[in-house]
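Protein chains get the first letters and strands the later ones, always in sequence-line order, with residue 1 at the start of each.
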Amino acid sequence: SLSGRLDDIFTRLRSRGRLDEKQVDEVLREIRLALLEADVSLKVVKAFVTDVRERAAGAEIHKSLTPAQQIIKIVNLALVDVLGEKNVGLRPVDMPPRVILIAGLQGSGKTTASAKLAALLKKQGRKPLLAACDLRRPAAIRQLQLLGEQAGVEVSADVSGTNDAVAVATAALKHARDEGFTDLIVDTAGRMHVDHELMAELGAVEKAVDPAETLLVCDAMTGQDAVNVAESFLAEVDLTGVILTKLDGDARGGAALSMAYVTQRPIKFAGVGEKLTDLEPFHPDRMASRILG
Amino acid sequence: DALRGTPTDETWEDLEAVLIQADIGVEVVTPIVERLRDRARTEKVTVAGDLRKLLAAELLDLFDRDRERALSFADVGTSVWLVVGVNGTGKTTTIGKLASDLKDHGRTVSLAAADTFRAAADEQLGVWAERAGAQLIKHQPGADPGAVAFDAVKNARAKGIDVLIVDTAGRLHNKAPLMDELAKVRRVIEKEGSVDEVLLVIDATAGQNGLVQARQFAESAGVTGIVLTKLDGTAKGGIAIAIEETLGLPIKLIGVGEGIEDLEPFVPDDFIAALLS
Ligand SMILES: Nc1nc2c(ncn2[C@@H]2O[C@H](COP(=O)(O)OP(=O)(O)OP(=O)(O)O)[C@@H](O)[C@H]2O)c(=O)[nH]1
Ligand SMILES: Nc1nc2c(ncn2[C@@H]2O[C@H](COP(=O)(O)OP(=O)(O)OP(=O)(O)O)[C@@H](O)[C@H]2O)c(=O)[nH]1
Ligand SMILES: [Mg+2]
Ligand SMILES: [Mg+2]
């Protein structure tokens, strides 16, 4: 374990009240290794380790903690700082409906997350509307309709075979306004951040519905590519937050740190299963210990 | 570019970065770079461009060139392929692509909708069956996946269908009941004859967890080949190297898009060239 490896370093380099440079160097090598093994993107690891070095250099050794515990505490605090606060909810709006745009790579869990959010809002006594704006994937509309039925939430859909996502989103927004829905959750097709046409489509949908929230849905098992995805989506739409899915798996989840670092946006929710109730507020402290292993 | 001019300390750092960023995994990368430094010393490499050739050769060495990468067919009767993997990796889409390819080669295909759990899973497979000209076998939502698979195998053998491909629900490998269910689906199919291929579908964007997935699925379902999907993004899928080297499981196919034609055989040389590009 990381704490075990750090203990070994401090046993070998006996400390005298302050952490010296040699200790910090060896320790930072172990931290770097742990973060890479946890799938944190390399450039984020480098920036993060630099930050930890500044915090650790010359830090006083506390009497009640071993040097290894001290370092872990410093790293943990630094991680939680980047991962953000917990329980950052959805932004309120002055005029309903509050529009929430859901975006991300193929298979990341957007459609499921959209329905989970709708179920959550309904539980809070609100009146959400789902919009089926994935006009590409076979049976995507049907998938959202079935999930909407399960959640007891209406789904605005166009089954004519159109591929005009902007039109479908616009129609859903009109329906939401006309019928007094409090929230409109717009599910979109999975897309590669390097697909210019599809990224432009996402930008167009965002422009058409002017969301209060644009949430990037990211699979917790994502590796080094997290940085590329975060940068590209941030360049195309006004991201306001991240949903990290499949945290009920055993991936270390370093993508959380990469996403938080690059987007500088809060991770608002964690997907922890396939049921509509499997959506939790994100806990940065739990994520920090999970990443450190 | 890490590989221009004379190799310096920075060259080695940049090279290590390329490999790590490809998701090969720092544990696998470190010995590769060490071996490469030794070779560069003994072979007196003074041009970084030659380093690239040496690195490509090192990486290629990690792939067993004699490994069987073709898909397995039964000697007689219906071939049965089982497709497995964690949620959202591209199993159902890959099956559609496979069915179409088989059809193009004059084989009859049947698809079994044994994902009886996820919303609209059978409808999704149904669209692919239609596109590929394949028959679809499905039960009602919530049915026992083993029952669907069994029904599909009996049906396919009775009709003399060339290939039956069984779609299964996405499942996380750390969920024991779901992995037990998968093992049971395989046993049920084997009551009626051989399972000729168990394809594990892995998302190229996966980090080190991809190796854990491969290990667990191999243990529970007996994997015979891997499909690495979504290589049309920026992820390099370097976890494939760790999987081949550590587990000896062959990468057989790659997914390069959402269209029916977007499935290609896995070619180690091409994969490595793309990884280093
Ligand atoms: N275990 C688990 N599975 C999840 C979670 N979120 C989504 N899934 C599953 O992941 C798979 C993909 O989910 P979808 O909601 O279809 O993903 P998507 O992003 O909408 O996919 P595309 O629209 O094709 O891009 C499904 O099998 C879901 O049930 C989660 O938090 N945990
Ligand atoms: N860009 C790209 N997208 C792909 C590829 N393969 C699959 N997809 C997409 O990934 C998403 C998920 O594909 P599915 O076939 O539903 O994945 P699955 O593994 O069957 O998902 P579950 O059954 O929910 O576990 C869909 O949007 C597919 O179009 C690929 O090679 N490239
Ligand atoms: Mg979807
Ligand atoms: Mg599927």
Heavy-atom pairs under 4.5 Å with chain B - which of E37(A), Q106(A), K46(A) has more of them than the others?
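Maximum pair count with chain B is reached by Q106(A).
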
Side chains of D203(B) and M221(A) in contact at under 4.5 Å (non-hydrogen atoms)
yes

Q124(B) versus R142(A): any side-chain heavy-atom pair under 4.5 Å?
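The answer is no; the side chains never approach within 4.5 Å.
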
How far does [atom1] of [X] sit from [atom2] of [Y], to the nearest 0.5 angstrom?
X	Y	atom1	atom2	value
L19(B)	Q224(A)	CG	CD	11.0 Å
E274(A)	K175(B)	CD	NZ	6.5 Å
K246(A)	N87(B)	NZ	CG	6.0 Å
R136(A)	E258(B)	CZ	CD	8.0 Å
I20(B)	S41(A)	CD1	OG	11.5 Å
T234(B)	N228(A)	OG1	CG	4.0 Å

Non-hydrogen atoms of chain B under 4.5 Å away: do they reach the side chain of [X], the backbone, both or neither?
X	value
R191(A)	neither
D195(A)	neither
L144(A)	neither
R137(A)	side chain

Please determine which of D250(A), D219(A), D39(A), T222(A) meets the side-chain hydrogen bond (donor to acceptor under 3.5 Å, both in side chains) test together with N209(B).
D250(A)

Could you name the residues of residues 90-101 of chain B that have a heavy atom within less than 4.5 Å of a heavy atom in chain A?
none

One pair to check against side-chain contact (heavy atoms from CB on, under 4.5 Å): V227(A) and Q21(B). What are the steps and the verdict?
CA-CA 10 Å; V227(A) 166; Q21(B) 287 170 330; over 6 Å; no

Which of [options] touches chain A most, by non-hydrogen pairs under 4.5 Å:
options	result
G233(B), A22(B), A204(B), G238(B)	G233(B)
G25(B), A235(B), A17(B)	A235(B)
R131(B), R118(B), K236(B)	R118(B)
V127(B), T89(B), T30(B), T205(B)	T205(B)

If you look at every heavy atom in A120(B) and A139(A), which pair is closest and at what distance?
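A120(B) and A139(A) have their closest heavy atoms at CB-O, 3.9 Å.
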
Should the heavy atoms of other residues, nucleotides or ligands under 6.0 Å from CD of Q150(A) be counted, would the total exceed 12?
yes

What do the steps show when you test Q143(A) against E123(B) for side-chain contact (heavy atoms from CB on, under 4.5 Å), and what is the final call?
CA-CA 9 Å; Q143(A) 182 188 7; E123(B) 272 133 312; over 6 Å; no

Under 4.5 Å from any heavy atom of chain A - which part of E16(B):
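It is the side chain, since no backbone atom gets that close.
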
